[in-house]
Amino acid sequence: MSRIVSGKLKSILSGIFLCVFLFPFFANAQDLIIDHWVWAGQTLDDKNHHEQKFLENCQILEIACRAGEVRVLVRSWGHQTSHKSIPHQSPRYFQDTEKLILTYRMENRINVREISAFINRDINIWKRAGRHIIGIEIDYDSPSSKLDEYRAWLIDLKKKIPADISVRITGLPTWFEDNRRDAKKLATVVSEVSLMFYRQKQTPITDHLLDAIKKVNNIRYGFLCNDDRWHRLLKEQKKYGTFRMAIFITAECHVNREPAPS
């Protein structure tokens with residue numbers, strides 16, 4: 001009888017040890033969180049189609065993945081429009097269950113008062129339509145030499161929009177290659193920096209870059225939908241926590257609409 005009890009006790013203790021040992025692994029088993037951009041001329045169906053395909057590939061690769069937020073191009077300012085605002089996506093094309101980030105594309109920095117007025121108006125329109133807005137994103141390719149000016153611009157912008165709306169930005173890998181100090185300072189004033197790797201030949205993933213960003217804990221990695229270089233980054237960056245990525249859909253991924261951003 002004592003042997004039976006002893007055997008049962010060993011089994012129980014072994015089970016407890018196994019649970020305790022494996023719990024941290026399962027608690028942190030999320031390898032990758034993936035967002036998508038929905039650009040001008042694209043639809044939520046385009047995003048859903050590619051997202052489902054990506055998640056299925058994650059299962060094949062045995063990577064724990066989950067869908068994140070949707071980044072919606074709402075407004076842009078460009079050289080061809082004499083820097084006038086051009087509206088893009090509308091809330092009627094998006095479900096109220098989606099967590100949305102409103103994206104603003106600028107060729108040049110717009111006056112803070114002007115862009116904040118548009119942002120506040122857009123947030124009100126989308127919220128009145130019942131959409132779940134969790135943040136805004138500024139898509140602007142600042143020169144590496146002017147990152148400190150851009151940081152001051154962002155600080156000013158944050159003062160002029162609701163405090164519960166997070167501010168994110170897209171960023172260039174060259175910022176960290178050319179001006180590491182100011183790039184890191186810039187990252188501290190926003191919720192997230194999405195590093196854009198869409199120019200495949202012009203944006204190699206170098207050891208110098210990986211060293212520059214390894215202690216920046218609010219980086220997300222932006223790739224075109226047909227770019228598999230994220231595999232290498234996933235292996236490199238998993239040691240620092242969950243890997244966050246955002247994908248831009250192009251014609252090569254069965255969407256014959258808007259070209260990649262430039």
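Side chains included, hydrogens not; waters and symmetry mates left out as well; all remaining heavy atoms used. Here the structure is a predicted model, which means the values were calculated and not measured. Sequence positions, counted from 1, serve as the residue numbers for this chain.
Here the OH atom belonging to Tyr221 is positioned 7.0 Å from the CZ atom belonging to Phe197, to the nearest 0.5 angstrom. Distance check: Lys99 NZ to Asp35 CG gives 10.5 Å after rounding to the nearest 0.5 Å. The distance from atom CG of Leu172 to atom CD of Glu177, rounded to the nearest 0.5 Å, is 11.5 Å. To the nearest 0.5 Å, atoms CD1 (Ile213) and CG (Leu233) are separated by 6.5 Å. For the atom pair CG (Leu234) and CG (Leu32), the distance works out to 6.0 Å, reported to the nearest 0.5 Å. Taking CD1 of Ile219 as the reference point, atom CD of Glu192 lies at 8.5 Å (rounded to 0.5 Å).
One finds no salt bridge joining Arg220 and Glu137 here, because no Lys/Arg side-chain nitrogen approaches an Asp/Glu carboxylate oxygen to under 4.0 Å. The residues Arg131 and Asp122 are annotated as not salt-bridged, no charged nitrogen and carboxylate oxygen being separated by less than 4.0 angstrom. Using a cut-off of 4.0 Å between Lys/Arg side-chain N and Asp/Glu carboxylate O, Asp148 and Lys185 are scored as salt-bridged. Contact check on Asp156 versus Arg109 returns no salt bridge, with no Lys/Arg side-chain nitrogen under 4.0 Å from an Asp/Glu carboxylate oxygen.
Taking both residues in full, the closest heavy atoms of Ala212 and Lys184 are given as O-CE, 3.1 Å, listed atom of the first, atom of the second, then distance. Nearest heavy-atom pair across Ile33 and Gly68 is CG2-CA, 4.0 Å. Heavy-atom minimum distance, Phe54 versus Met245: CZ-CE, 3.3 Å. Counting all heavy atoms, side chain and backbone alike, Met196 lies closest to Pro173 at O-CD, 3.3 Å. The two residues Phe118 and Tyr104 come nearest to each other via the heavy atoms O-OH, 4.2 Å. Residue Pro162 comes nearest to Asn120 through the heavy atom pair CD-OD1, 3.1 Å, listed as atom of the first residue, atom of the second, then distance.
A donor-acceptor pair under 3.5 Å is formed between the side chain of Asn179 and the backbone N or O of Ser144. Side-chain N or O atoms of Gln89 include one that pairs as donor or acceptor with a backbone N or O of Trp39 at under 3.5 Å. At distances below 3.5 Å, not a single donor-acceptor pair connects side-chain atoms of Asp211 with backbone N or O atoms of Asp207. Judged by distance alone, the side chain of Asp178 and the main-chain N or O of Pro143 form no donor-acceptor pair under 3.5 Å.
Test Lys53, Gln52, Gln59 against Glu56 for side chain to side chain donor-acceptor pair (under 3.5 Å) and you get one pass: Gln52. A side-chain contact (heavy atoms from CB on, under 4.5 Å) with Met106 is found for exactly one of Asp139, Ile138, Asp141, namely Ile138.
With a 4.5 Å cut-off on side-chain heavy atoms, Phe176 and Leu195 count as touching. In this structure, Val38 and Asp46 have side chains that are not in contact, with every pair of non-hydrogen atoms separated by 4.5 Å or more. Considering only heavy atoms from C-beta on, Ser76 stays 4.5 Å or farther from Thr103 through its side chain. Within the 4.5 Å cutoff, no side-chain heavy atoms of Ile165 are placed close to those of Ile119. Lys158 has its side chain out of reach of Ile155: every pair of non-hydrogen atoms, C-beta onward, lies at least 4.5 Å apart. A 4.5 Å side-chain heavy-atom check between Leu186 and Val193 finds every atom pair outside the cut-off. Ile249 has its side chain out of reach of His49: every pair of non-hydrogen atoms, C-beta onward, lies at least 4.5 Å apart. Using a 4.5 Å cut-off on side-chain heavy atoms (C-beta onward), His50 and Gln42 make no contact.
Residues Trp175 and Leu209 are members of one and the same hydrophobic cluster, defined by side-chain heavy-atom contacts under 4.5 angstrom among Ile, Leu, Val, Met, Phe, Trp and Tyr. Linking ILVMFWY side-chain heavy atoms closer than 4.5 Å, directly or via other members, places Leu157 and Ile134 in two distinct hydrophobic clusters. One hydrophobic cluster, built from ILVMFWY side chains closer than 4.5 Å, cannot hold both Tyr93 and Ile101; they sit in different ones. Hydrophobic clustering of Ile, Leu, Val, Met, Phe, Trp and Tyr side chains at less than 4.5 Å, counting indirect connections, unites Ile136 with Val70.
For the 3.5 Å distance criterion, the side chains of Ser166 and Arg168 qualify, holding a donor opposite an acceptor. A side-chain donor-acceptor contact under 3.5 Å links Ser85 and Arg75.
In this structure, the ring of Tyr140 has its center no less than 6.0 angstrom from the ring center of Trp153.
The aromatic rings of Phe248 and Trp37 lie tilted to each other, with the angle between the two planes from 30° to 60°. Classified by interplanar angle (parallel below 30°, tilted 30° to 60°, perpendicular above 60°), the ring pair Trp126/Phe94 is tilted.
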Is there a side chain to side chain contact (heavy atoms under 4.5 Å, CB included) between Glu98 and Asn48 once you walk through the steps? CA-CA 11 Å; Glu98 296 280 357; Asn48 290 339; 4.2 Å; yes

